[in-house]
Protein chains: 2
Amino acid sequence: MTPTRDGRKRTFVEEARRRQILACAVDLIAEHGYANATLARIAERAHISKAAVLYHFDNKEEILRQVLTETLDELTAQLAEALSAAASPPDAIAAYVHTLIAYMAGHPAGVRILVEGLASTELVTGTNMRTQPERWRIVADIFARGQQSGSFRDFDTHTAAICLNGAIDAIASEMLANPDYAPLPAAESLVDFTHRATLATGY
Amino acid sequence: MTPTRDGRKRTFVEEARRRQILACAVDLIAEHGYANATLARIAERAHISKAAVLYHFDNKEEILRQVLTETLDELTAQLAEALSAAASPPDAIAAYVHTLIAYMAGHPAGVRILVEGLASTELVTGTNMRTQPERWRIVADIFARGQQSGSFRDFDTHTAAICLNGAIDAIASEMLANPDYAPLPAAESLVDFTHRATLATGY
DNA sequence: GTCTATACTGGGATAGAC
DNA sequence: GTCTATCCCAGTATAGAC
């Protein structure tokens with residue numbers, strides 16, 4: 001996974017070291033946040049020197065990027081599975097919301113990495129880390145399919161998708177900030193809101 | 001505004017310097033982002049030394065905090081005005097959405113400061129910058145009042161408020177990332193979604 | 001190919017002169 | 001009240017040992 005830039009094959013040690021470094025980075029980011037997960041600390045935890053870390057990764061940002069894409073891939077896989085099992089577009093929307101929020105509830109470290117990672121790469125460093133097909137497209141496509149099949153009323157799918165994702169993210173943030181906030185009822189509410197707002201047939 | 005820690009009064013020059021420094025910081029953050037708005041650059045733009053900047057502010061984060069609260073205060077004032085003019089809770093929700101999105105459309109620099117500032121202070125540095133009465137409360141209260149007066153159906157006002165704010169923020173982010181994205185239709189859509197999802201009477 | 005040592009840069013923060 | 005000098009730490013670059 002994640003081939004080298006020049007397509008050359010990776011040695012055994014290299015692969016092992018990369019995994020080890022990434023694992024250390026994940027732990028540190030989850031515990032102390034990205035800004036406090038310094039190269040020195042990562043190196044220390046991996047029992048190697050700073051320079052050794054930079055031998056395997058071009059720079060610190062590349063480590064974040066890698067951690068981020070791995071987390072994202074894991075989530076995407078779960079999402080793909082849930083979506084393929086959905087019988088109808090409205091079902092798919094419900095599955096999307098539930099899968100995302102369930103993941104967030106079960107992987108607080110992953111959430112921190114995603115929230116902080118996406119925010120810091122996009123905003124702080126200016127690098128565009130948006131997922132390949134922009135995130136809202138997945139949802140917008142479901143809405144569009146539902147409109148064609150008549151299950152959704154006519155509305156701007158782009159805006160609806162952005163709002164839904166924003167709502168999910170906000171719930172995730174609240175979960176991080178407030179441990180008392182229950183994710184499951186929140187997910188149910190959000191699905192309910194979305195259905196009421198988008199379904200063609202009366203609720 | 002923003003008294004000193006020890007309650008002592010601020011001299012004229014001190015006040016002027018603070019304003020000047022904040023103005024420079026605002027410009028730099030808006031143009032290049034918080035991370036790239038270094039003390040050196042702020043000092044350079046204000047024609048003083050780095051240390052002089054730190055004489056007036058304890059550290060860089062305090063500058064951000066100040067910029068943030070000023071931007072937030074401005075926005076809050078506009079919001080309060082719009083809300084007080086609203087005749088009913090549903091009207092208030094519409095006014096809330098429109099005011100926020102209109103502000104965002106008209107003040108791209110302000111948006112950048114808010115988005116980046118809130119994200120980086122809360123997550124990267126770990127400082128809690130949530131506004132005094134947490135942001136969702138304002139909206140949740142409107143929903144609650146509307147439920148009492150019968151205009152809203154029964155739902156979890158906390159979650160609804162979080163979702164609505166998340167949706168607004170997501171629209172703001174999209175506006176930043178994609179200049180083609182039109183804010184006004186998006187605001188209309190969001191108000192429409194919210195009404196459909198929350199009104200007690202059929203739509 | 002893998003790594004250590006070391007040195008350089010740039011950012012934030014402090015001490016002390018004026 | 002403002003500056004200079006200095007320090008520390010983070011990220012990065014290079015040389016070279018093995």
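Order of the sequence lines fixes the chain letters, A, B, ..., with proteins taken first and strands second; residue numbering starts at 1 for each chain. It should be emphasised that the depicted structure is a prediction, and the values quoted were computed from it without experimental measurement.
Here the P atom of nucleotide D:dC7 and the NZ atom of B:Lys50 are 14 Å apart, to the nearest Å. Separating the CG atom of A:Leu28 from the P atom of D:dA10 is a distance of 12 Å, rounded to the nearest angstrom. Rounded to whole Å, atom P of D:dC9 lies 16 Å from atom NZ of A:Lys60.
A donor and an acceptor atom, one from each side chain of A:Tyr96 and A:Asp91, are nowhere located under 3.5 Å apart. Using a 3.5 Å distance cut-off with no hydrogens or angles, the side chains of A:Arg17 and A:Gln20 do pair a donor with an acceptor.
Interface limits on DNA chain C: the 5'-most and 3'-most nucleotides within less than 4.0 Å of chain B heavy atoms are C:dG11 to C:dT14.
Using cut-offs of 30° and 60° for the angle between ring planes, the B:Phe152 and B:Phe143 rings count as perpendicular.
Looking at residues two or more places apart in sequence or on another chain, you find a ring-ring contact (aromatic ring centres under 6.0 Å, His included) between B:Tyr103 and B:His107.
At least one cation-pi condition fails for B:Lys50 and B:Tyr55: the charged atom is not both under 6.0 angstrom from the six-membered ring centre and inside a 45 degree cone around its axis.
Remark: A:Thr198 OG1 to A:Gln147 CD distance equals 9.0 Å, nearest 0.5 Å.
Of the residues in residues 37-45 of chain B, those with a non-hydrogen atom less than 4.0 angstrom from any atom of DNA chain C are B:Thr38, B:Leu39.
Considering only heavy atoms from C-beta on, B:Leu39 comes within 4.5 Å of B:Ile63 through its side chain.
Under a cut-off of 6.0 angstrom, the local environment of CD in A:Gln78 is crowded, with over 12 non-hydrogen atoms contributed by other residues, nucleotides or ligands.
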